[in-house]
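All values derive from a computational prediction rather than experimental measurement. This chain uses plain numbering: 1 for the first residue, then up along the sequence. We use all heavy atoms of the structure for the numbers below, so side chains are in, but hydrogens, waters and symmetry mates are not.
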Amino acid sequence: MNYLIDNLGEIAGFTRTHLALAMAPLLIGLLIAIPLGALVHRVPWLRRVTVTAAGIAYTIPSLALFVIIPPLVGISTIDPLNVVIALTIYSVALLVVAVPAALDSVPATVLDAADAIGYTRLRRTLTVDFPLALPVFLANLRVVAVTNISMVTVGALIGVGGLGKLFTQGYQRDYPDEIVAGIIVVLALALVIDRALFLIGRWATPWVRTTKKRGGTQLLRTAVDPSMDTAKGAGA
């Protein structure tokens with residue numbers, strides 16, 4: 001703990017770098033995986049192929065990717081972009097499986113009701129499917145975010161900055177306090193990001209809390225036509 005207190009400035013710098021290296025792949029992964037996951041959800045054979053490919057991609061060791069990526073894209077091994085690309089591959093591999101799984105959680109009765117009242121496929125996807133799939137998807141997103149924070153530490157082995165430097169430096173100096181400080185900060189960062197995503201999920205899905213109080217029937221009505229819920233509130 002003494003090392004952590006005495007070196008807060010340096011550790012804060014490592015933490016900012018670590019957070020950027022972990023969150024950038026997550027955001028890029030979301031931009032790729034959400035539309036791709038929605039597409040494969042509608043095509044069973046393509047979904048099977050995607051799940052298989054994602055499983056293979058995720059089993060590739062991170063150090064192997066750090067060696068393979070630079071010559072393929074023309075960057076240095078110690079370029080932070082190397083870590084971003086590698087973690088983006090892992091993020092997409094996890095999220096592209098999570099999106100169809102989340103969409104599977106939407107009740108068929110809600111989808112039938114939306115189709116019955118004339119929703120187009122695009123409108124139903126944006127206003128019914130994805131909103132109701134959010135609770136399941138966010139649970140998976142939290143896992144990916146925490147995994148990225150953990151995996152960024154491996155980047156220190158190739159000279160990329162982040163909290164992993166506390167591990168490599170502590171090992172090289174035979175200084176356990178520095179390693180313990182790194183473990184504490186990585187765990188704290190992971191807990192903060194996980195909690196932040198949890199709170200964002202609660203804010204983005206208020207109907208989940210409401211449904212627990214008044215039952216599931218109203219959720220199905222509101223999911224298809226939010227004006228029903230508004231009208232009920234106004235009438236009350």
message: Can you list everything that forms a ring pair (Phe, Tyr, Trp, His ring centres under 6.0 Å) with Y175? Sequence neighbours excluded, please.
response: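 If we apply the ring pair (Phe, Tyr, Trp, His ring centres under 6.0 Å) test to Y175, skipping adjacent residues, the hits are Y3.
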Would you say that [X] contacts [Y] through its side chain, given a criterion of any heavy-atom pair below 4.5 Å between the two side chains?
X    : Y    : value
T125 : H41  : no
L157 : L63  : yes
F66  : V154 : yes
F14  : V186 : no
Y90  : T147 : no
L197 : L138 : no
L95  : V144 : yes

Tell me the closest heavy-atom pair linking [X] and [Y], and the distance in Å.
X    : Y    : answer
I179 : F167 : O-CE2, 3.4 Å
V99  : A38  : CG1-N, 3.7 Å
L4   : A181 : CB-CB, 4.1 Å
I78  : I158 : CG2-O, 2.8 Å
G155 : V83  : CA-CG2, 4.2 Å
A102 : A133 : O-CB, 3.3 Å

query: Is the number of heavy atoms from other residues, nucleotides or ligands within 6.0 Å of CD1 (I183) greater than 12?
result: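 Yes, because the 6.0 Å sphere around CD1 of I183 holds more than 12 heavy atoms from other groups.
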message: What verdict does the side chain to side chain contact (heavy atoms under 4.5 Å, CB included) test give for V110 and V128, after you've listed the backbone C-alpha separation in whole Å, the side-chain angles of each residue and the deciding distance to 0.1 Å?
response: CA-CA 8 Å; V110 174; V128 178; 3.4 Å; yes
task: Give every residue pair that meets the salt bridge (charged side-chain N to carboxylate O under 4.0 Å, His left out) criterion with at least one member in residues 145-162, sequence neighbours excluded.
output: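 Sorted pair list comes back empty.
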Distance in Å, [X] [atom1] paired with [Y] [atom2], rounded so as to fall on 0.5 Å steps:
X    : Y    : atom1 : atom2 : result
D115 : R124 : CG    : CZ    : 4.5 Å
E10  : E178 : CD    : CD    : 7.0 Å
I200 : T205 : CD1   : OG1   : 11.5 Å
I68  : I85  : CD1   : CD1   : 12.5 Å
N82  : S76  : CG    : OG    : 8.0 Å
L126 : F130 : CG    : CZ    : 7.5 Å

- request: May I have the step-by-step check of side chain to side chain contact (heavy atoms under 4.5 Å, CB included) for I28 and S91, ending in yes or no?
  value: CA-CA 8 Å; I28 298 171; S91 296; over 6 Å; no
- prompt: Which residues pass the salt bridge (Lys or Arg N to Asp or Glu O under 4.0 Å) test with R48, sequence neighbours left out?
  reply: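 Expected list: none.
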field: Evaluation steps, side chain to side chain contact (heavy atoms under 4.5 Å, CB included), between L30 and F137
entry: CA-CA 11 Å; L30 284 171; F137 179 70; 3.5 Å; yes
query: According to a 4.5 Å side-chain heavy-atom criterion applied to Ile, Leu, Val, Met, Phe, Trp and Tyr, with indirect links allowed, do I75 and V84 form part of one hydrophobic cluster?
result: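 They do share one cluster, since a chain of ILVMFWY contacts under 4.5 Å joins I75 to V84.
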Transitive ILVMFWY side-chain link L189 to L187, under 4.5 Å: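 The answer is yes; both residues are in one hydrophobic cluster.
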query: Considering residues at least two apart in sequence or located in another chain, which fulfil the side-chain contact (heavy atoms from CB on, under 4.5 Å) criterion with V40?
result: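 V40 satisfies side-chain contact (heavy atoms from CB on, under 4.5 Å) with L36, L46, R47, T50, P100 only.
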query: Pairs in or reaching into residues 51-75: which pass side-chain hydrogen bond (donor to acceptor under 3.5 Å, both in side chains), with residues at least two apart or in two chains?
result: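 Applying side-chain hydrogen bond (donor to acceptor under 3.5 Å, both in side chains) to every pair that reaches into residues 51-75, excluding sequence neighbours, yields nothing.
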For a quick test of your reading: what N or O donor-acceptor pairs under 3.5 Å do the side chains of residues 17-27 make, sequence neighbours left out?
residue, atom, partner, partner atom, Å
T17, OG1, G13, O, 3.2
H18, ND1, L163, N, 3.1
H18, NE2, I149, O, 2.7

